Amino acid sequence: MDSNKEEPQLLPKESVQDMAKDVTYICPYIGALRGTLTVTNYRLFFRCMDREPAFVLDLPLGVVSRVEKIGGASSRGEVSYGLVCKDIRNLRFAHKQMEDSLRKSIFEILMKFAFPVSNGLPIFAFEYGQVYPENGWKVYDAQAEYKRQGIPNESWRITKVNDHYEVCDTYPSNLVVPVNIPDEELKRVAAFRAKGRIPVLSWIHPESQATVTRCSQPMVGVNGKRSKDDEKYLQAIMDANAQSHKLFIFDARPSVNAAANKMKGGGYESEDAYQNAELVFLDIHNIHVMRESLRKLKEVVYPNIEESHWLSNLESTHWLEHIKLILAGALRIADKVESGKTSVVVHCSDGWDRTAQLTSLAMLMLDGHYRTIRGFQVLLEKEWLSFGHRFQLRIGHGDKNHTDADRSPVFLQFIDCVWQITRQFPAAFEFNEYFLVTILDHMYSCLFGTFMCNSEQQRVKEELPKKTVSLWAYINSQLEEFTNPLYVNYSNHVLFPVVSMRHLELWVGYYIRWNPRMRPQEPVHQRYKELLAKRAELQKRVEELQRDVTNRSASSTERAGSPTRSITPVQTFV
Amino acid sequence: MQTDLKKTPQPPIKKLEAKLLPGEIVVNEVSFVRKCIGADSSHGDLWGKLICTNFKVSFITHDALPKQRFQVANRLLGEHDVPLACVEQVVTVNDAKGKQKVLCSNQKLKFNPTELILYCKDFRIIRFRFDEAGPQSAKKVCLAIAHYSQPADPQLLFGFEYIGKQYYGSLGEQVNGVDPGGGLQMPLFDRPSEWDREIKRTGAAEWRVCSINEGYVVSPSLPEYFVVPVSLADQDLKQYLCFFTAHRIPLWCWNHPNGSALVRMASISDPLQQRKLDQRICSAITKSHPQRSDVLKSDLDKNLPNIQDIQAAFVKVRQICVIEPFEESEEKWLSSMESSRWLEYVRAFLKHSAEVVYLLEGKHVSVILQEEEDRDLSCVVSSLVQLMLDPHFRSLTGFQSLVQKEWVMAGHRFLHRCNHLKKNDKEESPLFQLFLDCVWQIINQYPAAFEFTETYLTVLSDSMWIPVFSTFLFNCPQQRTENSMDFAKSKCIPMGEEKALRFPPVWDWSQQFTPKDQALFNNPMYVGKGATCVQNGTVKSFRRTKKNYSSTLRGMPSSLRNILMDGHDSLTLSRRNSLVPRLKPDFSQIREVVESPTERFFRDWVSRPADLQGMLIPQLLPSHLALWRLYFLRWVPEASIPKGGPVTAYHKLSQLADEVEKLQSQLRQYKGATPASTTTSTPSAPQSDHSRMYFKAGSTHESSSTPEYLSSSFPFSPVGNMCRRSILGTPLSKFLNGAKIWLSTETLANEAL
């Protein structure tokens, strides 16, 4: 950041929309700061020149959830604006009332560009023209990923039935289904599953052939409707795994909620109808409960933490309790598949929130590939983006309607869960904490196209790969930044985290990062990199000396035989 | 007594004998005892002999533990042994009769026990079953354990017999290869020269060693030698003595490079003398300051929890961590932790110490820590202040000398606080464990700043329960001398010129551990003077470089930090005030909350990159204090992460550090070997046992991957060490009949009848 300029360094296609001097930023930690505020079509940039070094606030407008004018003009003729942000902070500004009442306040300009969707403007991701060495949109290739898993095989095939998103408009075009179920039957199964989201394969165990499949709830309704096709279909999923004569259906919801869904035509599989299937409820609450929990958490952590009652305040948000339930559900799934060699079916109501959390976390535990940087990108592209987690609705990109009941921190919870596992297995992941924070930051920033839209169909229609840049292009162009130096390839080792409050922690590096009393650091990683550098330096010096010695003994021929100096080869394992 | 052998598995017939230390004798023993291992069944239980000696409870078996596991071995103890001093409570059970009783010394037991449960000071819970054992022998062993774990007199602690034995053998011979104190390369602060060296090291020119307490003539609880301001003559000090509680006049602890001194003292017992004495002391300290800076007094009793509070918190946190059923305590875990207040107290001590650091470093003033007796809270605070300010104490020997100086020599009542004699429950308090937890918090936040690991801290704490070390056996050095002389007299031990028996300090770690296991103490990340310190250009390139592509979100935290570096007046908002819906257009009221200079000092420091060889202030936000999991949860099987935990990172780092060490050694050898000479000194790979690292760099791929036996409990193992009663059916809560805390003797004794 060039701190000598009042204006931000602009991105390609970014343009200044308004600028105001003498704006006050009321920092919750250091008080009022007077400076210049710049609003572009991408960001808010505030700079206070009175300080040395200058104080800079630089945030993408995408993180702004709402802008509020607070009260009327005060005695000093100042108006105050509060910005509630999606990334666990609030900002507050004040500035002089415009004398020229026709001129718009900078905050009105800000509102226009913070909520482009509501104002008929394009989201900045569609304008951003940065060219990266890699095309991030190519990171995920469904067929390649299924091929990596060994699919198609004798039990599973890739169907083209959803090529034009006709069977299910929120599913990807590539679907993996049991070999012996023809496409016509799939359509009948779709009729019995909410939003047509039929059970399809997410992951297959390379040895036991036990599978993780995902879907939405069956349309059982109050009358307990059944579908022979659906029953046959689940039987086929079970039969595809010769190791087990059982099928576990994990319903992510609390059983009460699942039952209540019958009133709306949904419900859950009765064990009478689905023989050999066992139904387990995982007690994970819905998006509204999670939203409320995060709201409470923000109150507890931002801007300051109360000195006393920290732990009970944290407990009262239930945030970690929800994290625990999600992780516990994923662990049960992973354990069934790995230890029980049993195939599992996972669903919630629609199968795009809790189901995505569960399948992706279970896959992260089961398959070391997803614990690499690129593998994790594939996991997100597959289980979240292609299977229709509704990012646009859950985040509300560019939409001023901050009270929208569809907003919910489902994906944040997932990343939090991933972070919790990385804490327990600090050497099992190729990526570091900063990678996870960056993903979350750019989920809100609207700089990249990755988290735009709600489904694959919409992304194709909007031509996102053509018109926007993928976050993975940015990340993969500087992998060093996101790499965990302690990474040890656990190869096929399955991670079974201990899902207990004794190990779960609040992710301070994300939720409390705005607090200047907290020192953001990765000292262990830092030290490891220092040691790596030291090793490289020493290796070089030893090799030089070795060469010296060899040369010298070669030139001095009075000694018979070969030089006795031999250096143990220096091992490298990184 | 070995008649009723009907069931399989067949107990082994091979002869099982206790391995005894010098001076150790078998008191009682019983065969065909089953040690409970398994969590949910008797599967995997071990058969063997249970022996009570005058040192330990020993279980000897030929069976091997069923699960693959790892536990660091102690040279003084067998795999299944528990020192009697580590036994907190002896509970006997007869499940047929539905009876249980907490056994105390010299008690009767009206039923034949079918089960013995040992609750240990190091949090283990060990269970033995007597189903196949002779009932009378079993009962006798239980009674013996209860009796011998509660010695009536300090001289009955095993250390006396053990050390006394040395004097019988051929003169000068070492017990167990131990030369007490002799081979140690660290000061114990029992000699004037060691204090002199510390004065020189810290540049405390205006301070001197005072020996008026030689032979403990003026104060029994003070060390024989201590340091006072040059301007105070022995005559003055002798005059002041009687006005201080227990004659404990001010003791110098440490000097800041800026000349400010850290001093500790007891309260002034005579209120009439208070002002005058205060003035004299302060002016003497001021005179010893090169800038004649002021002296500030910090009253620890007023600002910190007392020893009973700390004990109560410890009992509660132990209850939560190891006694309560795992699953049931999950829901309220956080609030239970909070209500134990343990972390709150840890934070209070860290915070108070950090404030003293501010005074010394930021305000350049000298500080007196004052406590009623100057033997408890001030030990914690003075040590923490020195750890934060002086990197010397973050090295292994530096740390040990710090404990020696501020705890052992300053007269911390280890005998009473550990409650080794178990007759002074009100005196028991885990001050030292609290201190270790505080140290762990700093290590947790600055993992590269200390030479030692959390394993070292844990092992140090466990050593408190092995009663042979001078470090933890006595209330003060004088008590050691007195008891030694008594004991030597009664046992006719020829002491020669010596004043006290040569109890070894705990610091000679070879008494307990092999050199290989001692490598577990070494932190591969340590950035110290002697350590592989990389502060050159090569490293800088590895610092997070400026990214090539702007992501724009990154700037925020660092720019925030930037602003905090300058010293303008800063303000804090209360949390409530800043929530947007409650914002008021007029924010003048915000300015009322002014940040204290201390707060600003901390925040300024946080905004700069930490210099690990400089001052270190812990982050004090409540969210930044954590439960010391290795210490509190290592025995809990449900909490153990297989192939996980911080040790997996430690493993990787150790291997790399080992490789670096090997390369350095190669380089040294190259440089040492003069190239022209007809060399016989062939540079070869350094011997691996010289390595500081526990995990060595491997040549194969497998060795770099995480070993199977690693878990978050490493190098300890819950297997066989945590058999909660609930595990075999009876929920613990029922068993305790509502007893809320660690079984109190009274509660259970009453219930038994």
Side-chain angles (χ1 to χ4, degrees), chain A residues 1 11 26 28 30-31 43 51-53 55-56 58 60 70-71 74 80 82 84 90 92 303-305 310-312 314-315 424-427 441 474 478 486 488 498 501-502 508 512-513 516-517 519-520 523-524 527-531 533-535 537-538 541-542 545 552 564-565 568 571 573, chain B residues 330 333-335 337-338 447-448 525 532 534 538-539 542 547 549-550 552-553 555 557 559-564 566 570-571 573 575 578 580 583 585-587 603 606 619 621-623 633 639 641 644 648-649 652-653 656-657 659-660 663-664 666-667 670 675 682-683 685 697 699 704-706:
Chain A
M1 184 78 43
L11 299 171
I26 303 150
I30 42 181
R43 82 181 83 205
R51 298 207 158 222
E52 194 54 51
F55 175 90
V56 174
D58 183 349
I70 301 158
S74 75
S80 184
V84 179
N90 299 323
R92 199 174 151 206
N304 286 303
I305 291 171
W310 156 248
L311 290 174
S312 52
L314 178 60
E315 186 174 271
Q424 296 195 20
F425 300 96
D441 282 345
Y474 162 72
Q478 43 197 328
L486 296 172
V488 176
V498 172
M501 292 308 290
R502 285 150 171 88
V508 294
I512 311 188
R513 62 184 161 148
R517 279 208 279 158
R519 183 189 284 278
V524 175
R527 184 68 190 137
Y528 194 84
K529 286 182 179 178
E530 285 170 12
L531 283 169
K534 182 81 187 170
R535 183 181 66 181
E537 181 198 311
L538 288 169
R541 280 164 61 191
V542 167
L545 282 166
R552 216 173 282 124
T564 46
R565 290 167 203 276
T568 332
Q571 297 88 30
F573 55 91
Chain B
E330 275 291 282
W333 175 257
L334 293 174
S335 47
M337 277 306 297
E338 180 176 293
M525 283 178 276
T532 351
V534 202
T538 343
V539 173
F542 276 89
K547 66 233 169 281
Y549 306 98
S550 47
T552 73
L553 277 157
S559 55
L560 241 181
R561 266 183 286 142
N562 287 342
I563 185 70
L564 297 169
D566 54 25
S570 314
L571 309 157
L573 272 175
R575 185 170 62 80
S578 60
V580 166
L583 288 180
D586 185 336
F587 46 88
R603 218 190 43 199
V606 166
Q619 301 189 67
L621 289 174
S623 53
L633 299 174
I641 309 168
T648 53
K652 189 90 199 291
L653 279 154
L656 180 58
E659 239 188 307
V660 168
L663 285 164
Q664 279 173 330
Q666 272 183 345
L667 213 55
Y670 264 117
T682 309
S699 49
S704 71
S705 72
T706 311

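Being a predicted model, the structure only gives us computed values, none of them experimental. In what follows, chains are A, B, ... by sequence order, proteins preceding strands, each numbered from 1.
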Honestly, the part of B:L633 sitting under 4.5 Å from a heavy atom of chain A is side chain
State, to 0.1 Å, how close B:V606 and A:P516 come at their nearest heavy-atom pair, and which atoms those are. CG1-O, 3.6 Å
As an exercise, state the distance from CD of B:Q666 to CZ of A:R541, rounded to the nearest 0.5 Å. 12.5 Å
For A:L311 and B:L334, which heavy atoms make the closest approach, and how far apart are they? CB-O, 3.5 Å
Gap separating the CG atom of B:L663 from the NZ atom of A:K534, nearest 0.5 angstrom: 10.0 Å
Quick one: closest heavy-atom pair of B:I641 and A:Q424, and the distance? CD1-OE1, 3.5 Å
Is it true that a side-chain atom of A:R527 and a backbone atom of B:M525 form a donor plus acceptor pair closer than 3.5 Å? yes
Does any backbone or side-chain atom of A:I512 lie under 4.5 Å from a heavy atom of chain B? Answer side chain, backbone, both or neither. side chain
Of all heavy-atom pairs between A:W310 and B:E338, which one has the smallest distance, and what is that distance? N-OE1, 3.4 Å
Specify the closest pair of heavy atoms between A:L531 and B:A657, including all atoms of both residues, with the distance to one decimal. CD1-CB, 4.4 Å
If you take all heavy atoms of B:E330 and A:M501, which pair is closest and at what distance? OE1-N, 2.6 Å
